[in-house]
Amino acid sequence: MAIQPLRDTKAGVLRTPDIGRTVRIAGWVARRRDHGGVIFIDVRDASGIVQVVLNPEDAPASEEVLHGLRSEYCIAVEGTVEARPAGTVNPDLPTGEVDLVASSLTVLSAADPLPFQITDRVDVDEAKRLEYRYLDLRRDKMANNLKARSRTVQAMRRVLDADEFLEVETPTLIASTPEGARDMLVPSRMRQGHFYALPQSPQLFKQMLMVAGIERYYQIARCYRDEDLRADRQLEFTQLDLEGSFWGQEDVLETLESVVCEVVKDVRGIELSRPFARLTYAESMERYGTDKPDTRFAMEIADLSAVFAGTGFKAFAGVLAGGGTIRGINAGALGLARSGLDAQVDRAIDLGAKGLVWMVVQEDGSLRSPVAKFLSDDEIVGIKRTLDAAVNDVLFIVADAPKVVGKVLGSLRLDHGQPAGHEDLNFLFVVDFPVFEETDEGGLVAAHHPFTSPHSVAEMRDNPGDALSNAYDMVLNGVELGSGSVRIHDPVVQQQVFEVLGISEEEADLRFGWFVRALRFGTPPHAGFAIGVDRFVSILQNEPNIREVIPFPKTQTGGDPLTGSPAIVDDTQLGELGLLIAPAVRAAWADESDL
RNA sequence: GGGGGCGUGGUGAAGUCUGGAGUUCACGCCGGCCUGUCAAGCCGGAGGUCGCGGGUUCAAAUCCCGUCGCUCCCGCCA
């Protein structure tokens, strides 16, 4: 019979002041050291680990039971907390000054031999970890990640609740909208041939809540985007979504700062200085070649167009004549051999450049480079001065359209300068995003959702390439943590924006008619934001991918090795939904079941 | 859709380039010894269709083709 109650104390909290107490703990066998006589068992529960001493003369259980204990057996122990004998204190363990000397031990649940060891010391294949995620989550690192995630969300709620935000849930079965990411679809049984979509974000609903007079809303919202996965992207992910009425951009950014500071204080134990840096989109692109700069290191992009204004180097002269630009970075003393430098050229070409010029500053001040012979003395001086170059520094120069130059140099900058982990936290806001982004073909597409207010509708219509919007991103260590905007609250402006974005009146009316109608009933000016919780926690925990802070994530091909999702459903279910599977797909099912 | 990396007893790695007996290391597992260890120790043992399929070869973990899975990246992610 098991001891009742199973436990009255947590394993990880026992300390010297507890010496002499008789306690009951329950947990898992993390490690056993069986000396034939005395046996030491590290018992782990959610609070930590304590060493249990099983003395044969105390006979806490039969010899068979005691020597039969194995890794991850779930057990209950009653015993006395005792001081460890001199010289046997374990300073690496919070409970290391005490032993729990067992008077009784019960096996609550045995465990099969493990598919992998429960330890942070070995990197097990991730598919195997996911297949046995319940064991993987027993590891300290994963348990700590889940704790950090919980503390993160609690800190968010604490700040927003104190600021009188209302936590409101919005539907997850909604109508599909074709813009943006691919929707995750759910077929309707009651209206066959019709589909719900899972929300990519609660965008329109939170705006409805502003119309509804909620004034301050937030939600820890699950969002879904049916796009290819990455280290920082899952099919489903979590956002802290918030919105406020009678708000402008500064109100949003200040609220975000207070939320983020509380989270970082709680999880990392450090005070961030406020306000966070603010950078315009244009400045960010200019200096870092990206809209999500990692500002933990400099290596900024410098414009060399002036240096080469009258150059005799035809490749550069041609780019300048064609309206392109010439920029470079100083990657520092990389110590690369010729082959390593040429590999950078390949990398640049992969990124879309026609080429890359590298230069290495020599002891005598000259530049070693494939193009050195084309450069004048003035140009060499100008390059070194502009890039602040010292001996042995490697300089990378790209001449192309500004967009290409920024992408290539921005990527090389990260390749050679980005710190490995996330020891330091550099938050910043990027503001004044353009309304439109240029496509590779030179066309314009909306950079944001169509509910973002432009600085000026007239400018947006007359000069779309330069028009700015009241949209902003939060960036942490080169990762886009979230984005938001001041919304359009005037139905007339909203109609105009649809028009400029190329959404016809009929189309706008069909898809967003209900939304524009809502705006006609006294809509307060409002603005909001959403923070990616998974990304935030993964950075705080110094994890390389967000799966490490998600208890049951999907693999890169969207599957769950534990439960086998996604799965084929039977014909009865399909019939209820009025769905037929295409013959080719059915044939593939047959192949699958042959495996 | 495209490019890169990986797949070897239960786990992690080496072996693959340069073909020659399933070889090696660490952990785990099983058995024995062992009363103060804490990644316990010592001794012994079991355990693999080298992801899968095909090809080349006297001979394939190794070379070639295909395929599956995991992963990183490009595209995609308003």
Side-chain angles (χ1 to χ4, degrees), chain A residues 30-43 49-58 66-68 70-72 82 84-93 95-96 99 101 112-132 135-136 177-183 200-201 203 223-235 237 346-347 349-352 407 411 414-415 433 435-437 439-440 444-452 469 471 480 483 485 501-503 532 544-545 547 554-559 561 591-592 594-595:
Chain A
R31 218 158 265 131
R32 74 198 154 91
R33 293 174 290 280
D34 185 341
H35 288 235
V38 68
I39 302 171
F40 299 98
I41 303 280
D42 290 342
V43 175
I49 281 179
V50 71
Q51 172 166 280
V52 170
V53 181
L54 306 173
N55 281 317
E57 53 266 31
D58 298 340
L66 294 179
H67 292 292
R70 291 294 180 271
S71 290
E72 298 303 310
E82 294 187 5
R84 290 200 181 188
T88 64
V89 166
N90 183 349
D92 298 329
L93 215 55
T95 60
D99 283 328
V101 179
D112 285 348
L114 303 171
F116 50 80
Q117 293 169 64
I118 312 294
T119 170
D120 290 337
R121 292 178 18 244
V122 178
D123 285 327
V124 179
D125 176 66
E126 193 165 347
K128 185 72 71 177
R129 290 174 56 201
L130 293 180
E131 185 182 350
Y132 295 93
L135 296 179
D136 190 42
T177 54
E179 321 46 43
R182 194 177 294 112
D183 277 325
Q200 297 176 29
S201 81
Q203 182 61 36
C223 303
Y224 305 83
R225 291 179 190 174
D226 191 2
E227 298 290 349
D228 288 350
L229 291 81
R230 287 281 192 285
D232 62 352
R233 282 164 29 190
Q234 283 271 304
L235 295 177
F237 60 100
D346 294 338
R347 166 81 170 140
I349 289 168
D350 283 346
L351 290 163
K407 182 179 177 190
S411 298
L414 292 176
D415 288 349
F433 270 74
V435 176
F436 296 99
E437 272 173 2
T439 64
D440 290 333
L444 293 177
V445 292
H448 299 277
H449 58 66
F451 318 108
T452 298
S469 65
E480 181 194 323
S483 61
S485 63
L501 291 176
I503 301 173
N545 73 65
R547 296 184 301 276
K554 305 284 188 287
T555 66
Q556 194 158 43
T557 50
D591 292 345
E592 206 174 305
D594 286 345
L595 292 179

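Lettering follows sequence order; numbering is per chain, from 1. Quick caveat: nothing in here was measured; it's all calculated off a predicted structure.
Protein atom CG of A:Leu66 is 15 Å distant from nucleotide atom P of B:U35, rounded to whole Å. Counting to the nearest Å, the P atom of B:U37 and the CG atom of A:Leu93 are 15 Å from each other. In this structure, A:Asp183 atom CG and B:A78 atom P are separated by 11 Å, rounded to whole Å. Atom CD1 in A:Ile118 sits roughly 13 Å away from atom P in B:U11 (whole-Å rounding). For the pair A:Leu54 CG and B:G36 C1', the computed distance is 13 Å after rounding to whole Å. Note: NZ (A:Lys554) to C1' (B:U71) measures 18 Å, nearest angstrom. Rounded to an integer number of Å, the gap from A:Arg182 CZ to B:C77 P is 9 Å. In this entry the distance linking CG of A:Leu235 with C1' of B:C76 reads 13 Å, nearest Å.
Each of A:Asp34, A:Val52, A:Val53 was compared with A:Phe40 under the side chain to side chain contact (heavy atoms under 4.5 Å, CB included) criterion, and only A:Val53 meets it.
Here the side chains of A:His448 and A:Ser483 are not in contact, with every heavy-atom distance at 4.5 Å or above. Within the 4.5 Å cutoff, no side-chain heavy atoms of A:Val124 are placed close to those of A:Pro115. Counting heavy atoms from C-beta on, the side chains of A:Asp183 and A:Tyr224 never come closer than 4.5 Å.
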Find every protein N or O atom lying less than 3.5 Å from an N or O atom of nucleotides 40-43 of chain B, and list the pairs.
residue: B:A40; atom: OP2; partner: A:Arg33; partner atom: NH1; Å: 3.2
residue: B:A40; atom: N6; partner: A:Asp34; partner atom: O; Å: 2.9

Distances under 3.5 Å between protein N/O atoms and the N/O atoms of nucleotides 12-16 of chain B, please, pair by pair.
residue: B:G12; atom: OP1; partner: A:Asp125; partner atom: N; Å: 2.8

Protein-nucleotides 5-7 of chain B N/O pairs closer than 3.5 Å?
none

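With a 3.5 Å ceiling on both atom-pair distances, the Watson-Crick or G-U wobble partner of B:C63 is B:G55. Nucleotide B:G7 forms a pair with B:C68, judged by Watson-Crick or G-U wobble geometry with both contacts under 3.5 Å. Look at B:U23: its Watson-Crick or wobble partner, with both distances under 3.5 angstrom, is B:A14. B:A78: no Watson-Crick or G-U partner with both key distances under 3.5 Å is found in any strand. Within the shown strands, B:C33 is the pairing partner of B:G41 under the Watson-Crick or G-U definition, both distances less than 3.5 Å.
Between the side chain of A:Arg225 and the base of B:C76, no donor-acceptor pair under 3.5 Å is found.
Scanning all heavy atoms of the two residues, the minimum distance from A:Arg84 to A:Asn90 falls at NH1-CB, 3.4 Å. Here the closest non-hydrogen pair linking A:Arg225 and A:Gln200 is NH2-O, 3.2 Å. Annotation for A:Leu229 and A:Gly558: closest pair CD1-N, 4.3 Å, computed over non-hydrogen atoms. Here the closest non-hydrogen pair linking A:Leu235 and A:Glu227 is CD2-O, 3.6 Å. Closest approach of A:Arg347 and A:Ser411 over heavy atoms only: NH2-CB, 3.9 Å. Across every non-hydrogen atom of A:Glu72 and A:Ala30, the tightest pair is OE2-CA, 4.1 Å.
If you check B:A78, B:C29, B:C76 against the side chain of A:Asp228, the one that comes closest is B:C76. For A:Phe40, the side-chain atoms get nearest to B:U37 when compared with the rest of B:U37, B:C38, B:U35.
Using a 4.0 Å heavy-atom distance criterion, A:Arg230 is classed as a base contact. Residue-level contact check: A:Pro115 touches the backbone only, with heavy atoms under 4.0 Å from sugar-phosphate atoms and none from bases. Nucleic acid contact class of A:Arg233 (heavy atoms, under 4.0 Å, all strands): base. Residue A:Lys407 is in sugar-phosphate contact alone, with no base atom involved, counting any heavy-atom pair closer than 4.0 Å across all strands shown. Residue-level contact check: A:Arg547 touches the backbone only, with heavy atoms under 4.0 Å from sugar-phosphate atoms and none from bases. Among the protein residues, A:Pro561 comes within range of no part of the nucleic acid, since none of its heavy atoms lies under 4.0 Å from any strand.
Once rounded to the nearest 0.5 Å, the distance linking CG of A:Leu130 with CZ of A:Arg547 reads 7.5 Å. Here the straight-line distance linking atom NZ of A:Lys128 with atom CZ of A:Phe116 works out to 9.0 Å at 0.5 Å rounding.
Remark: the A:Gln51 side chain and the A:Arg33 side chain contain an N/O donor-acceptor pair separated by less than 3.5 Å.
Taking atom P in both B:C6 and B:G48, the straight-line distance is 26 Å, to the nearest Å. Rounded to whole Å, the P atom of B:C63 lies 29 Å from the corresponding atom of B:C74. Remark: the separation of the P atoms in B:C65 and B:C27 is 39 Å, to the nearest Å. The separation of B:G3 from B:G47, taken at their C1' atoms, amounts to 39 Å, rounded to a whole angstrom. For the P atoms, the distance linking B:U71 with B:G22 amounts to 33 Å, nearest Å. Taking atom C1' on both B:G15 and B:G7, the two are 15 Å apart, rounded to the nearest angstrom. B:U57 and B:G19 have their P atoms separated by 16 Å, given to the nearest Å. Look at the P atom in both B:U11 and B:U56: the space between them is 33 Å, to the nearest Å.
Counting only distance, with no hydrogens or angles, the side chain of A:Asn55 and the backbone of A:Glu57 share no donor-acceptor pair below 3.5 Å.
Both A:Arg70 and A:Arg84 lie close to RNA chain B; mapped to their nearest nucleotides by heavy-atom distance, the more 5′-ward contact belongs to A:Arg70. Each of A:Gly180 and A:Thr557 was matched to the nucleotide of RNA chain B holding its nearest heavy atom; the match closer to the 5' end belongs to A:Thr557.
One finds a side-chain N or O of A:Thr555 lying less than 4.0 angstrom from the OP1 or OP2 phosphate oxygen of B:C70. The phosphate of B:C72 has OP1 or OP2 within less than 4.0 Å of a side-chain N or O from A:Gln556.
No aromatic stack links A:Phe116 and the base of B:U11, using centre distance under 5.5 Å and interplanar angle under 30°.
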